[in-house]
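Contents: one structure, followed by commentary.
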Amino acid sequence: MIKQMKYFQAVVRLQSFTKAADECFISQSAISQQLQALEKDLGVKLMHRERRKFTLTAAGEYFYRKSLVIVSDFERLRAETLRLAEGAKKELSIGFLRHYRGKELKAVLPAFQAQHPEVELTLFGGTHEELYEGLRNGRIDVAISDLRRAPSDEYVNFYLTRGYLYAEVPAGSPLASLPSITMEDLKNTPAILIASPENSAEEELFFREYLGTKNEFLTAENLDTAHIMVAAGKGYFPIEFNIPPAPKEEIRYIPIMRRGQQIFREYYAFWRADTLKEYIESFAAILDHLLFPRGAGRLRIPAYGSCGREYESRQ
C-alpha cells in the first residue's frame with residue numbers, strides 16, 4: 001500500500017495522471033489501476049473522475065494529508081532499518097558553494113535518497129577553496145563548484161549549468177534604472193561577497209581577476225546577510241541566475257555586461273578520479289538522468305577547469 005500511496009500523492013500533487021505516471025516511471029493506465037486498487041482496499045472513493053479531470057472527495061483529502069505523514073515515517077523507518085542491517089555506516093558527503101543557486105542539487109538529492117535510503121547524506125557549504133581542500137583531504141566526496149583551477153586528470157567533472165551575473169541593488173538606487181551595467185559603472189560601489197574572514201582575500205582576488213573589478217569589497221557570512229546589506233544600501237551583490245530572475249518590489253537585478261555580453265560562470269560537480277566510494281557513480285548517474293533524460297549526458301568532460309583569463313577568452 002505504501003507504493004500506492006506514493007502514486008496517489010503524485011497524482012494529487014501534480015494534478016495530472018499523465019505527469020504522475022511519468023514521474024513514477026509507469027504507464028498512465030497502470031497508475032490508474034493502482035489507485036483503483038487502493039480505493040478498493042480502503043473501501044472508499046478517494047476522487048471523483050470526470051473525463052481528464054478529477055476532484056478529491058472529503059475522504060480523499062483526509063487520506064492525502066495523513067498519507068504524507070505515513071510515507072515520510074515509513075521512509076525514515078526503512079532507511080534506519082537498512083543502515084542497521086548493513087552494519088557499517090554508509091555516507092556520501094556533498095559540498096557546494098554558499099552562493100550556488102542552481103536547481104540541480106535540489107533535484108538530485110531526493111532522487112538519490114529514494115534509491116539509496118541506507119546512505120546518509122552529509123552537506124557542507126563553503127567557498128571554492130574550502131571545497132577544493134575538502135576534496136583533497138577526503139572530507140567531501142562530491143563538490144558543486146565553479147571552474148577555477150588548471151586542468152587536472154585527478155578529478156572527474158560533470159557540467160551542471162551556467163549562471164549569468166547580475167548586480168542586485170535596491171529598487172531606490174539610481175543604478176536600478178539602468179537596463180544593464182558594466183564593472184566600470186560599478187567601480188565606486190562596494191561589492192558584497194559571501195566569504196568567511198579567513199577566505200575573504202582569496203574570494204576578492206578571484207573576483208578582481210574574473211570581473212576585472214577595482215571597487216571595495218564587503219563580506220557577508222551567508223546569502224540572507226548579503227541581501228540585507230544590499231537593502232541597507234551598503235553596496236551591490238553580484239548574484240547569478242540560470243534564467244532571468246522575476247522582478248521584486250524592493251530589489252532590482254541588473255545584468256552585468258562585458259564587451260556587449262552578459263558575464264557568466266559555469267558550474268560543475270567534481271569528485272576524485274581515484275575514489276573508491278561506491279555511491280558516487282550512482283549519484284552521477286542519477287544527476288545525468290535528471291539533467292539529460294534522453295541520454296545526452298556530459299560525464300565525458302575530462303577535468304577540473306580553470307578561471308580568470310579563461311573566462312575572459314570565453315566572453
Side-chain angles (χ1 to χ4, degrees), residues 95-102 124-134 143-150 161-242 245 248 250-259 261-268 305-315:
F96 57 92
L97 287 176
R98 289 195 186 103
H99 69 262
Y100 179 66
R101 298 178 59 84
F124 173 79
T127 64
H128 175 92
E129 292 301 318
E130 289 170 337
L131 298 182
Y132 176 61
E133 183 60 27
I144 308 297
S145 190
D146 53 12
L147 294 174
R148 199 176 295 194
R149 294 183 175 276
T161 188
R162 175 180 290 182
Y164 288 89
L165 197 65
Y166 294 79
E168 180 180 306
V169 299
S173 167
L175 298 176
S177 299
L178 292 171
S180 63
I181 203 164
T182 67
M183 295 313 303
E184 179 66 21
D185 299 326
L186 290 164
K187 66 181 180 181
N188 295 318
T189 305
I192 300 168
L193 302 181
I194 298 177
S196 58
E198 56 270 22
N199 291 105
S200 60
E202 294 170 352
E203 288 297 297
E204 289 177 16
L205 178 62
F206 170 68
F207 272 86
R208 290 194 191 282
E209 292 182 353
Y210 170 45
L211 296 178
T213 180
K214 299 178 182 178
N215 50 335
E216 176 189 356
F217 287 102
L218 302 175
T219 58
E221 293 183 357
N222 52 54
L223 197 59
D224 288 337
T225 302
H227 293 323
I228 292 172
M229 291 172 69
V230 169
K234 299 295 185 181
Y236 79 94
F237 177 43
I239 189 170
E240 296 166 359
F241 295 94
N242 303 84
K248 295 182 179 180
E250 70 282 5
I251 291 293
R252 296 291 181 272
Y253 301 106
I254 316 300
I256 300 179
M257 313 293 284
R258 181 164 55 199
R259 295 192 289 275
Q261 295 184 5
Q262 188 170 4
I263 297 173
F264 64 85
R265 187 159 37 158
E266 293 181 330
Y267 291 88
Y268 287 73
S306 58
C307 69
R309 295 182 179 84
E310 181 177 335
Y311 274 101
E312 292 182 7
S313 67
R314 290 181 180 181
Q315 297 300 326

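Remember, it's a predicted structure, so these values are computed and weren't measured experimentally.
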At what distance, to the nearest 0.5 angstrom, does [atom1] of [X] lie from [atom2] of [Y]?
X      : Y      : atom1 : atom2 : result
Phe264 : Arg162 : CZ    : CZ    : 3.5 Å
Glu240 : Tyr253 : CD    : OH    : 13.0 Å
Lys234 : Ile192 : NZ    : CD1   : 9.5 Å
Ile256 : Tyr236 : CD1   : OH    : 5.5 Å
Ser145 : Arg265 : OG    : CZ    : 8.0 Å
Asp224 : Ile194 : CG    : CD1   : 9.0 Å

For Leu165, does its backbone N or O pair with a side-chain atom of Gln262 as donor and acceptor, under 3.5 Å?
->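 Present.
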[X] versus [Y], closest heavy-atom pair with distance:
X      : Y      : value
Ala226 : Ala220 : N-CB, 3.7 Å
Thr219 : Ala195 : CB-O, 4.1 Å
Pro170 : Ala176 : O-CB, 3.6 Å
Met229 : Leu218 : CE-CB, 3.9 Å

Can you name the residues that form a side chain to side chain donor-acceptor pair (under 3.5 Å) with [X], not counting sequence neighbours?
X      : answer
Thr161 : Asn242
Thr182 : Asp185
Thr225 : Asn222
Glu168 : His227

Side chains of Ser200 and Thr127: closer than 4.5 Å at any heavy-atom pair?
->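 Side-chain contact under 4.5 Å: no.
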Does the side chain of Thr189 come within less than 4.5 Å of Val169's, by heavy atoms?
->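 No, side chains not in contact.
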Run the side chain to side chain contact (heavy atoms under 4.5 Å, CB included) check on Tyr164 and Phe241 step by step: do they pass?
-> CA-CA 5 Å; Tyr164 288 89; Phe241 295 94; 5.9 Å; no
Given the rule in the side chain to side chain contact (heavy atoms under 4.5 Å, CB included) test, do Phe206 and Asp146 qualify, once you have shown the distances and angles that lead to the verdict?
-> CA-CA 11 Å; Phe206 170 68; Asp146 53 12; 4.1 Å; yes
Applying salt bridge (Lys or Arg N to Asp or Glu O under 4.0 Å), name anything that partners Glu184, two or more places apart in sequence or on another chain.
->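 Expected list: Lys187.
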Who passes salt bridge (Lys or Arg N to Asp or Glu O under 4.0 Å) against Glu130, sequence neighbours left out?
->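 Expected list: Arg98.
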Evaluate the side chain to side chain contact (heavy atoms under 4.5 Å, CB included) criterion for residues Leu175 and Ile181: first the C-alpha distance (whole Å), next the side-chain angles of each, then the deciding distance (0.1 Å), finally the verdict.
-> CA-CA 8 Å; Leu175 298 176; Ile181 203 164; 3.9 Å; yes
